[in-house]
Amino acid sequence: MDLPSTSSQYTLQTIAVVGLGTMGTGIAEVLARAGREVIGIDISDTATRRATASLAAATARSVTRERITEQEREGVLARFRTFTELTAAADADLVIEVVPENYELKQRLFRELDAIVRPDTILATGTNALSVTRLAAESQRPERVLGLHFFNPAPAMKLVEVVSSVLTAPTAVEAVTVLARELGKEPVSVGDRPGFVADGLLFGYLNQAAAMYESKYASREDIDAAMRLGCGLPMGPLALLDLIGVDTARTVLEAMYSSSGDRLHAPAPILGHLAEAGLTGQKSGRGFYTYEPGSSTIVRDAQTPLDGARLGEGRPVSSVGVAGSGTMASGIAQVFAQAGFAVVLAARSQEKADAAKAAIGKSLGRAVSKGRLTEDGAAQTLALITPAGSLDAFADVDLAVEAVAEDLAVKQELFAALDKVCKPGAVLATTTSSLPVIAVARVTSRPQDVIGMHFFNPAPAMKLVEVVRTVLTSDDVHATVREICTKVRKHPVDCGDRAGFIVNALLFPYLNNAVKMVEQHYASLDDIDAAMKLGGGYPMGPFELLDVVGLDVSLAIEKVLHKEFRDPGLAPSPLLEHLVAAGCLGRKTGRGFREYARR
């Protein structure tokens with residue numbers, strides 16, 4: 001008996017869920033709430049009882065919050081039945097397996113289901129790491145096997161990846177896609193490769209973060225804070241690894257690496273060390289962080305920084321010079337002035353400096369109109385900013401911050417000038433996001449006074465500053481900048497002087513991998529963006545972000561990363577290079593990965 005020719009003839013009403021762990025229980029809840037008859041199957045009586053209790057508790061909370069009535073709750077509970085024998089799936093229209101990520105276990109399950117279910121029953125694997133094609137090949141009817149990848153927690157997460165193998169019948173794909181929409185989910189259609197879209201992009205990023213921590217480049221707290229505050233992510237990568245499970249992450253990465261051969265997917269050794277030691281994250285009470293027993297609350301351990309720990313005495317700073325006239329320079333000048341510092345804003349001409357101050361005035365005006373600032377506060381802030389047409393005005397500043405073009409020769413010329421103009425003891429800071437800080441420090445006679453202060457755009461809104469020490473930066477300069485960041489209400493994170501620092505070194509390989517997915521016709525722009533927003537909690541999809549950042553800027557950063565780390569996996573995607581060569585740079589030109597209306 002073949003699958004029906006169209007999904008409209010095929011209603012997935014009775015659905016079996018095999019494996020009643022956290023994910024299986026969550027999927028069962030989603031299905032029962034949506035009016036489906038749900039057959040929950042697990043070899044463990046304890047698991048079936050726990051699943052029933054979990055659904056009872058979840059629906060009771062919904063009644064208390066007046067999201068459903070007691071009568072509706074009773075209907076949901078009545079539609080969920082549990083069994084310990086696989087034969088209970090005999091009458092199911094769809095079977096979703098969510099057993100542990102093990103080929104042998106899943107293959108044995110599919111062979112057993114072949115002998116139990118109807119010929120037209122669709123078999124779905126919930127794997128996020130194993131090959132759907134390989135699992136389908138073990139079935140007597142591979143055309144009815146596909147992947148249905150929910151995200152944890154299933155009741156809350158909107159994304160469902162519908163995974164086809166080369167053997168999957170289109171009617172089966174259509175049927176489960178319709179089901180996903182009826183469940184209130186957002187299905188995206190993807191091909192069969194380890195990690196699919198969301199995890200395929202997410203786990204590479206998580207792996208790089210683990211490797212960054214393992215190399216002692218930055219602390220776990222600074223890595224996590226950098227990605228939360230610099231990218232707007234709901235969790236830092238190391239905390240997320242603990243939530244997912246270090247052992248699970250390692251399994252996914254092993255599968256990805258065996259398929260791709262990409263070194264970026266080769267699990268960082270620390271993941272293996274932690275997993276083999278039983279330090280698998282929140283579920284074991286310890287992973288990258290230490291947790292309260294049975295809780296997600298992080299507790300202090302030997303690696304936790306001391307509260308209020310001082311780095312030593314910094315230098316006094318009362319006046320600040322900001323060099324540049326663009327958006328970043330204006331934003332940084334505004335940040336310092338709002339914190340009460342006297343600011344000299346220097347540009348290449350008095351007219352440019354005056355225009356930059358006027359732009360700050362407009363920014364402050366918007367803050368007043370939104371109730372974030374009083375008119376007096378805006379006026380006082382603006383009064384603290386003195387525009388100047390020459391760097392000579394920096395003669396008496398205690399801190400000079402450059403925010404000019406991201407061009408090494410331009411920055412070196414500027415720092416050579418600052419070296420001559422600024423008084424002895426002044427701290428000289430560069431806002432570079434990709435260039436070596438030491439390269440600008442060495443053109444001065446005082447490299448010990450030079451440091452990186454990487455603000456994020458827009459500077460008044462973004463809380464993060466990456467504080468970048470070179471091998472020559474003095475301790476008191478480092479202490480000074482950390483103190484200044486706190487005074488201007490920014491969160492400083494420490495990192496060494498290497499390409500990308502923390503945020504860009506983790507962000508841009510992820511963006512590059514997303515471009516490669518499109519280049520390989522694996523998934524569409526829209527599906528990839530949706531997958532990362534709905535499945536990864538990203539505020540923007542990778543292609544939305546690339547068009548905002550600018551494809552030329554993104555390509556330049558990726559080239560710097562590739563040059564420094566010499567990893568073939570970091571080589572910029574040819575598609576990105578072609579778009580830049582064609583002048584398609586994103587929103588600023590009206591066309592990048594998408595087209596935009598001209599303003």
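Only heavy atoms go into these numbers, but all of them, side chains included; no hydrogens, no water, no symmetry mates. A quick note: this is a predicted structure, and the numbers were derived from the prediction, not measured.
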Under 3.5 Å donor-acceptor pairs involving side-chain atoms of residues 270-283, not counting sequence neighbours:
residue, atom, partner, partner atom, Å
E276, OE2, R250, NH2, 3.2
T280, OG1, S284, OG, 3.4
K283, NZ, D247, OD1, 2.9
K283, NZ, D247, OD2, 3.3

Evaluate V252 against N128 for side-chain contact (heavy atoms from CB on, under 4.5 Å), listing each step before the verdict.
CA-CA 7 Å; V252 174; N128 67 338; 3.8 Å; yes
Assess the residue pair S131 and D192 against the criterion (side-chain hydrogen bond (donor to acceptor under 3.5 Å, both in side chains)); give the C-alpha distance rounded to whole Å, side-chain angles, the decisive distance to 0.1 Å, and a yes or no.
CA-CA 6 Å; S131 168; D192 180 25; 3.2 Å; yes
For E101, the option from T127, T125, T251, T248 that meets side-chain hydrogen bond (donor to acceptor under 3.5 Å, both in side chains):
T127
Identify, with sequence neighbours excluded, every residue that meets side-chain contact (heavy atoms from CB on, under 4.5 Å) alongside L113.
L86, A89, V95, L109, V117, L123
A quick test of your reading: do over 12 heavy atoms of other residues, nucleotides or ligands sit less than 6.0 Å from CG of L105?
yes
Could you tell me which residues satisfy side-chain contact (heavy atoms from CB on, under 4.5 Å) with S554, sequence neighbours excluded, listed by chain and number?
F508, L546, V549
So, using salt bridge (charged side-chain N to carboxylate O under 4.0 Å, His left out) as the criterion, who are the partners of D527 when residues are at least two apart?
none
OG/S259 to NE2/H265 distance, rounded to the nearest 0.5 angstrom?
9.0 Å
Residue E70 excluded, over 12 heavy atoms near CD under 6.0 Å
yes
Run the salt bridge (charged side-chain N to carboxylate O under 4.0 Å, His left out) test against E97 and tell me which residues pass, sequence neighbours left out.
K106
Between CG on residue L364 and CG on residue L373, distance to nearest 0.5 Å
6.0 Å
Would you mind checking if R144 and D114 are paired as a salt bridge, meaning a charged N to carboxylate O distance below 4.0 Å?
yes
Could you tell me whether N102 atom CG has more than 12 heavy atoms of other residues or ligands within 6.0 Å of it?
yes
Results of salt bridge (charged side-chain N to carboxylate O under 4.0 Å, His left out) for D45 - residues two or more places apart only:
none
Using 0.5 Å steps for rounding, measure from the CZ atom of R594 to the CZ atom of F543.
8.0 Å
Please determine if E519 and K516 form a salt bridge, counting it only when a charged side-chain N lies under 4.0 Å from a carboxylate O.
no
Inter- and intrachain pairs under salt bridge (Lys or Arg N to Asp or Glu O under 4.0 Å), touching residues 11-37, at least two apart:
E29-R33, R36-E182
Look at the side chain of R73 and the backbone N and O of A56, then say whether any donor-acceptor pair between them is shorter than 3.5 Å.
yes
Residues that T177 engages under side-chain contact (heavy atoms from CB on, under 4.5 Å), provided they are two or more places apart
V162, V173, R181, P187
Do S62 and R67 meet the criterion of a side-chain donor-acceptor pair at a distance under 3.5 Å?
no
Treating T290 as the side-chain partner and R286 as the backbone partner, does any N or O pair qualify as donor plus acceptor under 3.5 Å?
no
Measure the spacing between OH of Y538 and OH of Y205 and express it to the nearest 0.5 Å.
5.0 Å
Have T84 and D42 got a donor and an acceptor in their side chains that come within less than 3.5 Å?
no
Ring pair (Phe, Tyr, Trp, His ring centres under 6.0 Å): which pairs involve residues 121-158, sequence neighbours left out?
H149-F151, H149-F196
How about R220 and T304: does a side-chain donor come under 3.5 Å of a side-chain acceptor?
yes
Could I get the full list of salt bridge (charged side-chain N to carboxylate O under 4.0 Å, His left out) partners for R79, not counting sequence neighbours?
none
Would you say the side-chain atoms of E74 pair up with the backbone N or O of Q71, donor to acceptor, closer than 3.5 Å?
no
Ignoring hydrogens and geometry beyond distance, is a side-chain donor-acceptor pair present between N207 and Y257 at under 3.5 Å?
no
d(L31 CG, I96 CD1) to nearest 0.5 Å is 5.0 Å
What pairs with T64 under side-chain contact (heavy atoms from CB on, under 4.5 Å), at least two apart in sequence or on another chain?
none
Enter the distance from I39:CD1 to I15:CD1 here, rounded to the nearest 0.5 Å.
9.5 Å
Restricting to side-chain hydrogen bond (donor to acceptor under 3.5 Å, both in side chains), what partner residues turn up for E221, sequence neighbours left out?
none
Does the T25 side chain pair with the main chain of G21, one donor and one acceptor, at a distance under 3.5 Å?
yes
